[in-house]
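These notes are about the structure you will find just below.
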Amino acid sequence: MNLDTLFPHYCEILLKSTAVLVAVALLLKHWRGASAATRHLVWAGIMVVLIALPLTRLSRPRWTVGLPAVLVRSARAQPVPVALPHQVVAAAAAPVPTTGRVPLPWRSLLIVGWLGGAAVLLLYRATGAVQSRRLRRCSRPLDNEDVRELVRAITAGERWASRVELRCSQACRVPLTWGIWRPVVLLPEAALGWSVLRLSAALCHEYGHIRRQDGMTRLLANLACAIYWMHPLVWLASRQLRLAQEQACDDLALLNGADAADYAGLLVELARGGDAEGGCVRHAFAMAHPSRLDVRVRAILEASLNRRVPSRRAQVLVAVSILAAAAVSALAQVASLPDENETQILVSARFLEVGPGASGCPELQRGLKDLSLLDVGEAAELLKTADSVEGVDLLSAPRVVTRSKQEALIRIGQELFVPTEWEPGGQQGEWRPKKYETKEVGITFGVRPFLEADGAITLAVAPAIVELLGYLDLDDGMRPIPSSALAPEGHRVQAVFASRKRTAKVTLRPGQTVVLGGPLREEVVTLQDKTPVLGDIPLLGRLFRSEEQMTVKRQIWFVVSAERLEPGAPR
């Protein structure tokens with residue numbers, strides 16, 4: 001998958017995320033009786049859905065939503081391979097625009113910008129952990145027994161309380177909390193002089209973030225913002241989640257007995273003082289921050305607001321809603337709807353391998369001319385002659401259905417597992433393969449048809465061949481070994497391949513067939529000769545036997561035709 005093919009997927013997740021965010025915003029707007037903790041639960045579920053949206057492309061769609069062709073590229077054309085016995089043939093159409101438009105470079109630039117922006121945001125979030133560690137090094141453990149007693153009262157019966165590290169520092173001016181697995185609660189030195197009610201409210205607020213696992217939720221929100229950093233609604237959703245987190249912890253402090261007016265006054269005083277470590281306020285949970293403080297203060301002073309924690313039933317309902325949204329997103333994938341009236345092109349090919357023994361057939365030599373155009377009768381006569389001449393092999397007869405300006409690839413061959421790394425064997429000097437890599441050898445025929453206005457079809461072809469020539473014995477002075485021989489057991493050998501390819505373009509009128517001369521295949525043949533009588537004597541005959549090696553060249557010829565397929569026509 002290249003950058004350009006990522007563009008439709010990016011458009012799809014943008015559309016899905018917009019639909020989900022708008023639906024949730026409308027729901028919460030009319031759900032006025034929901035508590036801050038309930039709103040936070042809903043926004044946290046939306047963050048999970050947003051992160052899971054890109055993964056829905058891995059599923060198979062059940063229905064399709066159509067988009068303009070300028071935004072979404074078409075689905076793959078269906079190949080129609082025809083293989084001869086004992087051959088491996090693969091024919092596939094590569095995805096290209098069905099409208100005939102060349103992919104615009106701005107798509108790739110947009111994807112590069114999106115990936116770059118996501119990387120920058122993730123790096124920026126990572127700096128928060130560095131700043132938090134630096135702030136922790138500048139602090140000291142808080143061993144005040146009165147404060148410890150308040151903490152034990154707030155976290156009574158909580159198993160996670162032993163993992164929380166309580167510290168104090170002069171570098172901060174507001175209470176801070178950060179961390180997921182090993183949370184840290186940092187109090188300013190001035191907090192030791194607060195009244196018991198204010199100190200209890202501050203501790204209840206900060207430990208509330210840990211109890212509610214807001215650190216994990218904040219991490220999910222940061223990841224969603226990195227993925228959708230160009231989507232303004234995602235940033236608004238993240239802001240609403242942060243506000244709901246702070247309001248939910250404010251509600252915990254009020255439910256714990258804090259006076260609403262005194263608690264609101266404490267937040268205002270802390271927000272005025274600010275924080276010496278401004279970056280940590282953005283990356284950690286600060287008890288008071290000027291951003292949206294007016295909304296929090298009004299909610300604290302409003303006695304009629306719902307401050308209850310979401311019930312088990314509400315949590316189950318949100319979880320089911322998340323699964324339903326993910327399922328709907330997986331089932332409905334965005335793609336361009338296929339045009340039933342669009343003409344398709346059937347490309348038929350014959351792969352002929354011609355050896356030296358066929359040079360004595362003049363009829364075959366006259367027909368096998370590079371880029372020669374044949375009519376129906378001439379093409380049939382050529383194939384009939386090739387079938388009767390010794391030294392000509394029909395390798396394959398594939399067909400593939402594609403569309404104009406849509407590339408199709410036809411491959412015949414096999415996969416070889418070539419060792420790349422070795423390790424010592426059982427005996428000294430022996431080696432055994434440790435790692436392998438896959439190498440495809442055989443013939444690849446790429447064709448891209450262009451439907452002309454007058455009904456002609458222009459074919460841009462690119463045949464290529466990859467052969468295994470042999471091996472090099474790395475443990476025997478790079479001694480060459482032919483591909484037909486067996487490599488010495490326990491030796492390290494390096495495979496040697498040869499690749500040959502060419503390109504051509506030809507225009508076919510209805511009923512015409514083109515003959516293309518492909519690359520050559522070279523084969524080393526060993527000829528043995530033994531003298532009469534003595535050559536038949538065991539052991540002694542080997543002394544009078546001679547061997548000679550010669551290179552036999554076999555050329556690959558492609559006989560290709562193309563025709564239009566009207567909608568509903570048989571393939």
Side-chain angles (χ1 to χ4, degrees), residues 36-37 132 135-136 138-179 182-215 242 245-278 280-281 283-293 296-303 305 307 309:
S132 299
L135 186 59
R136 181 186 177 278
C138 298
S139 64
R140 62 177 178 84
L142 184 58
D143 52 3
N144 188 293
E145 187 59 31
D146 294 335
V147 178
R148 292 286 182 178
E149 185 64 28
L150 288 176
V151 171
R152 284 192 290 268
I154 293 172
T155 62
E158 300 289 353
R159 296 181 179 179
W160 48 264
S162 60
R163 296 187 288 107
V164 182
E165 188 176 3
L166 182 62
R167 307 179 71 88
C168 64
S169 173
Q170 294 181 351
C172 68
R173 299 177 183 175
V174 296
L176 298 175
T177 301
W178 67 84
R182 300 290 299 178
V184 177
V185 175
L186 184 65
L187 295 179
E189 291 285 353
L192 299 179
W194 293 350
S195 64
V196 175
L197 290 178
R198 284 196 167 189
L199 186 57
S200 177
L203 291 173
C204 187
H205 180 99
E206 297 306 319
Y207 276 87
H209 285 300
I210 302 174
R211 175 183 292 108
R212 293 165 26 83
Q213 297 183 350
D214 287 344
R242 291 169 179 260
Q245 285 178 337
E246 298 300 330
Q247 287 183 323
C249 291
D250 292 340
D251 293 342
L252 290 178
L254 295 176
L255 292 175
N256 196 47
D259 180 73
D262 184 65
Y263 183 70
L266 175 62
L267 295 182
V268 173
E269 292 178 9
L270 293 176
R272 287 176 179 174
D275 190 89
E277 296 287 339
C280 287
V281 173
H283 294 289
F285 293 100
M287 182 177 175
H289 193 271
S291 177
R292 307 301 300 273
L293 183 62
R296 292 178 59 187
V297 170
R298 285 197 300 267
I300 292 171
L301 298 178
E302 181 65 41
L305 286 183
R307 307 186 190 278
V309 178

Test Thr155 against Trp160 for side chain to side chain contact (heavy atoms under 4.5 Å, CB included), laying out the working first. CA-CA 9 Å; Thr155 62; Trp160 48 264; 3.8 Å; yes
Might you point out which heavy atoms bring [X] and [Y] nearest each other, and give the distance in Å?
X: Leu186; Y: Ser139; result: CD1-CB, 3.6 Å
X: Ala191; Y: Leu199; result: O-CD1, 3.8 Å
X: Ala37; Y: Arg212; result: CB-NH1, 3.9 Å
X: Ile154; Y: Cys204; result: CD1-N, 3.6 Å
X: Ala201; Y: Ala253; result: O-CB, 3.9 Å
X: Ala288; Y: Ala271; result: CB-N, 3.9 Å

Using 0.5 Å steps for rounding, measure from the [atom1] atom of [X] to the [atom2] atom of [Y].
X: Ser169; Y: Leu142; atom1: OG; atom2: CG; answer: 11.5 Å
X: Phe285; Y: Asp214; atom1: CZ; atom2: CG; answer: 5.0 Å
X: Gln245; Y: Gln213; atom1: CD; atom2: CD; answer: 11.5 Å
X: Arg167; Y: Leu135; atom1: CZ; atom2: CG; answer: 9.5 Å
X: Leu150; Y: Leu203; atom1: CG; atom2: CG; answer: 6.0 Å
X: Asp259; Y: Leu254; atom1: CG; atom2: CG; answer: 9.0 Å

Side chain to side chain contact (heavy atoms under 4.5 Å, CB included) between Leu166 and Arg148, intermediate numbers included: CA-CA 9 Å; Leu166 182 62; Arg148 292 286 182 178; 4.0 Å; yes
By the definition side chain to side chain contact (heavy atoms under 4.5 Å, CB included), identify the one residue from Leu266, Leu187, Thr177 that meets it with Met287.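 Answer to the side chain to side chain contact (heavy atoms under 4.5 Å, CB included) test with Met287 among Leu266, Leu187, Thr177: Leu266.
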Any pair with a residue in residues 184-199 that passes salt bridge (charged side-chain N to carboxylate O under 4.0 Å, His left out), sequence neighbours left out, goes on the list, sorted by first then second residue, please.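 Sorted pair list: Arg140-Glu189, Arg198-Asp262, Arg198-Glu269.
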Would you check, one step at a time, whether the test side chain to side chain contact (heavy atoms under 4.5 Å, CB included) holds for Asn256 with Ser200? CA-CA 9 Å; Asn256 196 47; Ser200 177; 3.8 Å; yes
My understanding is that only residues two or more places apart in sequence, or in another chain, count here; which of them pass side chain to side chain donor-acceptor pair (under 3.5 Å) with Arg136?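 So Arg136 forms a side chain to side chain donor-acceptor pair (under 3.5 Å) with Glu165.
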Please assess Arg292 against Glu246 for the test side chain to side chain contact (heavy atoms under 4.5 Å, CB included), listing each intermediate value before the final yes or no. CA-CA 10 Å; Arg292 307 301 300 273; Glu246 298 300 330; over 6 Å; no
Ionic contact status for Arg211 with Glu206, cut-off 4.0 Å: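 Between Arg211 and Glu206 there is no salt bridge, as every charged N stays at least 4.0 Å from the carboxylate O atoms.
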Does some side-chain heavy atom of Trp178 sit less than 4.5 Å from a side-chain heavy atom of Val185?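 Sidechains of Trp178 and Val185: no contact.
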Assign the ring pair His205 / Tyr263 to parallel, tilted or perpendicular, where the plane angle (0 to 90°) is split at 30° and 60°.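 His205 and Tyr263: tilted rings.
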Please determine whether the number of non-hydrogen atoms from other residues, nucleotides or ligands lying under 6.0 Å from atom CD of Glu158 exceeds 12.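 Correct, the count exceeds 12.
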Between the side chain of Arg163 and the main-chain N/O of Arg182, is any donor-acceptor distance below 3.5 Å?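 No; judged by distance alone, with no hydrogens or angles, the pair does not exist.
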